[in-house]
Amino acid sequence: MIATAVQKRALSQEVLSELNNLIPQEKKEHYNYQDLESLVQVLSGESHLVGYKQEQVPIDQERYQWLKTRIVSLPGVRSVLEIGGNLGYICLRLVQELGLRATCLEPIEDYVRISTLLSEGFGLDHLYQSRCAFVLWDNIAELPEADVLINLNVIHHAGRVFDCEVVARLGGWAAYAQSYLEKLASKGRYLFFQTGNTWPSARLFENTEAPEFLAGILARSGWRVIDIGICDRLPELTLSSYPLSEMARIPRIWCQRNTTTDLVDYYHESRLLASFPTGLAQRPLFFCESMR
Ligand SMILES: C[S@@+](CC[C@H](N)C(=O)[O-])C[C@H]1O[C@@H](n2cnc3c(N)ncnc32)[C@H](O)[C@@H]1O
């Protein structure tokens, strides 16, 4: 790492009230996903009253530290490109704490406005840019290059929300994911990748087979998996790391929605470990290097 951190700055009352005005009151898909309140707190160093409630499993801080630890160990990293960056939780922190130049692509316009406001309010806008964009199989070639790419929990929506025709044409989601990741392999040297497995018809792959299934797709698309992060001490939301060579040691946690509680129950074999609003805490997080 060669870049340097940007000094923390207090959040002005004007920016705070503008932020609260920008937070959408209606809830659509992917809304209230990231932890906006803790993002504002870490960026400012103080807590503030933000009119927003995260509805996802609260693992942003843990995932962020996992990514940051790996990025700081890489030589010569200056830039990051995130696809589906949502409220910019990861990019804004990487800019402030590591001085990286970040481009965050996100189709929810309100969220682009919010992360742009935060970047301005915290004096990060010389390094941070959020753009309202749908990244599709067809336009990956036009993306800017960056040292580090981040693609977390986006591509299991392909075939349902976007790229439906391409998924069918390529012969299904696994072939699509391989081709999509192959295109990304020429856009950056390192990749952080995470995906779900839910689809309208059937699961894309079994939870317990996720490490091998996804590591196989990554390898075939030109990415060497360095290590895999897993929440293997549930209900504690901490990530453990497994190098690719030790993938077989990863505890096989599976989950399913409980129709009575409407929560997702997490199991190891038949033992109930935890219940959360979604299955996010079961998804492996991959850190990879491009073999191109
Ligand atoms: C499930 S959320 C994950 C958010 C974030 N990556 C994370 O893991 O915390 C998926 C995000 O990807 C965005 N998204 C959906 N389709 C996209 C596309 N085709 N290109 C870029 N972003 C997309 C959504 O708006 C949303 O912010």
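All ligand and atom numbering here is 1-based and tracks the order in the structure. The first residue of the sequence shown is numbered 1, and numbering continues consecutively from there.
Salt-bridge formation is detected for the pair Glu212/Arg252: a Lys NZ or Arg NE/NH1/NH2 atom is positioned less than 4.0 Å from an Asp or Glu carboxylate oxygen. Salt-bridge formation is not detected for the pair Asp265/Arg257: no Lys NZ or Arg NE/NH1/NH2 atom is positioned less than 4.0 Å from an Asp or Glu carboxylate oxygen.
Atoms of ligand 1 found under 4.0 Å from any heavy atom of Gln34, numbered from 1 in the order shown, are 5 (C), 7 (C), 9 (O). Shown in contact with Val154 at under 4.0 Å from a heavy atom are these atoms of ligand 1, numbered in order with element: 12 (O), 17 (C), 23 (C). Within ligand 1, counting atoms from 1 as listed, the ones closer than 4.0 Å to a heavy atom of Asn86 are 4 (C), 26 (C), 27 (O). Using a 4.0 Å cut-off to heavy atoms of Gly84, the atoms of ligand 1 that qualify are 4 (C), 5 (C), 6 (N), 11 (C), 12 (O), 13 (C), 21 (C), 22 (N). If you number the atoms of ligand 1 from 1 as listed, the ones under 4.0 Å from a heavy atom of Ile108 come out as 25 (O).
Only the side chain of Tyr33 comes within 4.0 Å of ligand 1, counting heavy atoms alone; its backbone N, CA, C and O stay farther away. When heavy-atom distances to ligand 1 are checked against a 4.0 Å cut-off, Phe134 comes that close through both its backbone and its side chain. The proximity of Arg63 to ligand 1, defined as any non-hydrogen pair under 4.0 Å, is limited to the side chain.
For Val161, the heavy-atom gap to ligand 1 stays at 4.0 angstrom or more.
Looking at atom 15 (C) of ligand 1, its nearest protein heavy atom turns out to be Pro107 CG, 4.1 Å. Nearest to atom 21 (C) of ligand 1 among the protein's heavy atoms is Val135 N, 3.6 Å. Among protein heavy atoms, atom 10 (C) of ligand 1 sits closest to Asn153 O, 3.3 Å. Counting protein heavy atoms only, atom 2 (S) of ligand 1 is closest to His30 ND1, 3.5 Å. In this structure, atom 16 (N) of ligand 1 lies nearest to the protein heavy atom Phe162 CE2, 3.5 Å. Taking atom 27 (O) of ligand 1 as the reference point, the nearest protein heavy-atom neighbour is Glu106 OE1, 2.6 Å.
Side chain of Asp163 to backbone of Val166: no donor-acceptor contact under 3.5 angstrom is found. Looking only at distances, no side-chain donor or acceptor of Asn151 sits under 3.5 Å from a matching main-chain atom of Ile83.
With values rounded to the nearest 0.5 angstrom, Leu234 atom CG is found 4.5 Å from Ile253 atom CD1.
Judged as a ring-ring contact (aromatic ring centres under 6.0 Å, His included), the pairs with a partner in residues 31-87 (not counting sequence neighbours) are, in order, Tyr31-Tyr111.
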For Asp60 and Gln34, what are the C-alpha separation, side-chain angles and deciding distance, and is it a side-chain hydrogen bond (donor to acceptor under 3.5 Å, both in side chains)?
CA-CA 7 Å; Asp60 289 341; Gln34 294 189 330; 4.8 Å; no
Step by step, work out the side-chain hydrogen bond (donor to acceptor under 3.5 Å, both in side chains) result for Ser290 and Trp223.
CA-CA 5 Å; Ser290 171; Trp223 292 99; over 6 Å; no
Verdict with supporting geometry, Tyr128 and Thr116, side-chain hydrogen bond (donor to acceptor under 3.5 Å, both in side chains):
CA-CA 8 Å; Tyr128 179 86; Thr116 301; over 6 Å; no
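In this structure, the ring of Trp254 has its center less than 6.0 angstrom from the ring center of Tyr267.
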